[in-house]
Amino acid sequence: MSRLKYVLGEALRNMGRNSLVVLGAVLAVFVSLFLVYGTLVFGEIASSNAAQWSEDVRVEAFLDDDLRNPDRLQAEVAEWAGVAEVTYVSKPEAVLYAIEVIFADNPSAQSIIEEDPAIIPASLRISPADLQDYDGIASRLEAVPGVLKVVSAGGAVNQLISLRDGLQVFSWALAIALGVAAVALIANTIHMAVYARREEIEIMKLVGASNWYVRVPFLLEGMLEGLIGGLIAVAVGYGAYRLGFDQIQDTSQLIDLEVTPGFLWQRGVLIVLFGVAVGAIGSAISLTVHRYIRT
Amino acid sequence: MIRLENVTKLYDGGVVALKDVSLDATKGEFVFLVGPSGSGKSTLIRLMMREEQPTNGDIWIAGKHASKMPSWKVPHLRRSIGTVFQDFKLLPNKTVYENVSYALEVTGRPSHLIRNQVPQVLKLVGLSAKSDRYPRQLSGGEQQRVSVARAFVNRPLILLADEPTGNLDPATSVGIMRILDRINRTGTTVVMATHDHAIVDAMRRRVVQLERGRVVRDQSRGAYEQRAMAEVSARAEVASVEPEQSQAELELAAAEADLAELPIDEGYPNGADSLAAAEAAETSTVREEVESGVEDESDAKDGPEMEDESEKEDS
């Protein structure tokens, strides 16, 4: 118990002594972990939305009126790789859908269709198994005789996916670079703390204090700095998410910003642990390198 | 207790610090290491405390093969070695008491043992009254006494001293030597590197002389310089005279007597047995010395260079 008090006391006293350097290290941990947290949350939002869209968005192949056996084509397409489901929409169904859904607010278009229902073609609606299968299915359908035109949201979906992936790669790269900087900064604060206490360390070693006895306060100091940085990152990240959620959710119907609180908490705990690990690594590096500790 | 076999130490750039040194010091021995600067005295001390490792040869310290020991075992070895240096190495922001108790705290000794031992050792070095002072409030001699107390509070088997009187005036030095002698009498092996002719000549203990990294003389009851022996003996008669008894001196004498009655505590894996044995064996000797010190009081005025050290320190 008194040992714990000693170790904690030493760590806190050191942090007080080098408060500016400690502040720098804590800020570096905070910024990098904030980015990691943001990336995790953003990634979760993007993939849950993409999953949503993939259910809504289909490839639609409009069929020539002359096509004799739409059922056979449907069965054939259903066998293709990457196709999850194929629905045949007959001409009358398509007319109904056009009037009641697509042009629900457009009476002039409705009257044109009612005059000549033949202009609305029958179609196959295809749901791909995976977002990535859009392009393949669409181009393969275009080559099928009897298919008038293929409409798919593949291009838009692809753009969205590549935007998400690009942003994630960028954020991860930035977070890793900042994580390395945070490790280096923590190593630096520990280095200074060791230097400030070199006489004491020398005497501890002279009288036979064990290596761990000498090292633990410094390790703890680094971990404490990482912990504080991580806690601030999660707190600020959570606050920013709540704020952003309220601001954007109302104006945007396209994107659903909702993330489960469980996810936020779980990743938050991970981030804090990661901060502690960053601190431990930083101080461990410093302690292995430092000559006052080593001998 | 200490054994060096054909020890050679080379530093970077081919500098030969020690060349084929063999040395044996038994339990309770007092060994002076003498020789000019750069002759290898300090290197020898650093090798004995395992701060450095020999390039060649073997070193045994307190029954352990120090030169082959993995570094994680070194802290344990250090607990059987007390060290005293020319520059005291005290922590400026700790009091006398804290500086001494620090050595016990960082080796994880229970606090009741610390509360028991520190006052006893402070009494031994005559600093009981100044236990709340900070090092900067003490004279050089007093600071060195704190450093000796810290080295001894662990009850080490071996005490290594590198020029412990190098920063002190002759009279103050005598005070330090008296404490080291007292520690030696408890059965602690003392190895002391020094330049101080007067001290070596006065003590007439074993002298190991180094010259460019080699042992050139190893003499029991030697003097600083070999040829000066006859003359030294004459001088030593004078030097061994006890000075006037001041308050501090009386305290020292009392502590000396107490030392023989120190309780044997648990928690001294290395030193307890040896100390107990030494106490039993040395009790009579210590008492005799205390008594003879009192007897010699009348002769004190004859030794002008032996004025009371504590008076000088305070001025």
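Chain naming here is simple, since letters A, B, ... match the order of the sequence lines and numbering starts at 1 in each. Since the model is a prediction, treat every value here as computed from it, not as a measurement.
Listed by chain and residue number, nothing satisfies the side-chain contact (heavy atoms from CB on, under 4.5 Å) test with Val169(A) (two or more places apart in sequence, or in another chain). In terms of the side-chain contact (heavy atoms from CB on, under 4.5 Å) criterion, residue partners of Leu185(A) (sequence neighbours excluded) are, by chain and number, Ala25(A), Ala28(A).
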For a quick test of your reading: what N or O donor-acceptor pairs under 3.5 Å do the side chains of residues 260-271 of chain A make, sequence neighbours left out?
unit_1	atom_1	unit_2	atom_2	d
Thr260(A)	OG1	Phe263(A)	N	3.3

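When each of Gly82(B), Gly108(B), Pro92(B), Ala103(B) is checked for heavy-atom pairs under 4.5 Å with chain A, Ala103(B) comes out on top.
For the residue pair Val234(A) and Tyr37(A), the shortest heavy atom distance occurs at O-CE2, 3.8 Å. Among all heavy-atom pairs drawn from Ile186(A) and Gly226(A), the shortest one is CD1-N, 4.2 Å.
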Would you mind checking chain A against chain B for donor-acceptor pairs under 3.5 Å and listing them?
unit_1	atom_1	unit_2	atom_2	d
Glu200(A)	OE2	Tyr102(B)	OH	3.3
Glu202(A)	OE2	Lys89(B)	NZ	2.8
Lys205(A)	O	Arg78(B)	NH1	3.0
Gly208(A)	O	Arg79(B)	NE	2.7
Gly208(A)	O	Arg79(B)	NH2	2.9

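Around the CE atom of Met69(B), the shell of radius 6.0 Å holds more than 12 heavy atoms that belong to other residues, nucleotides or ligands.
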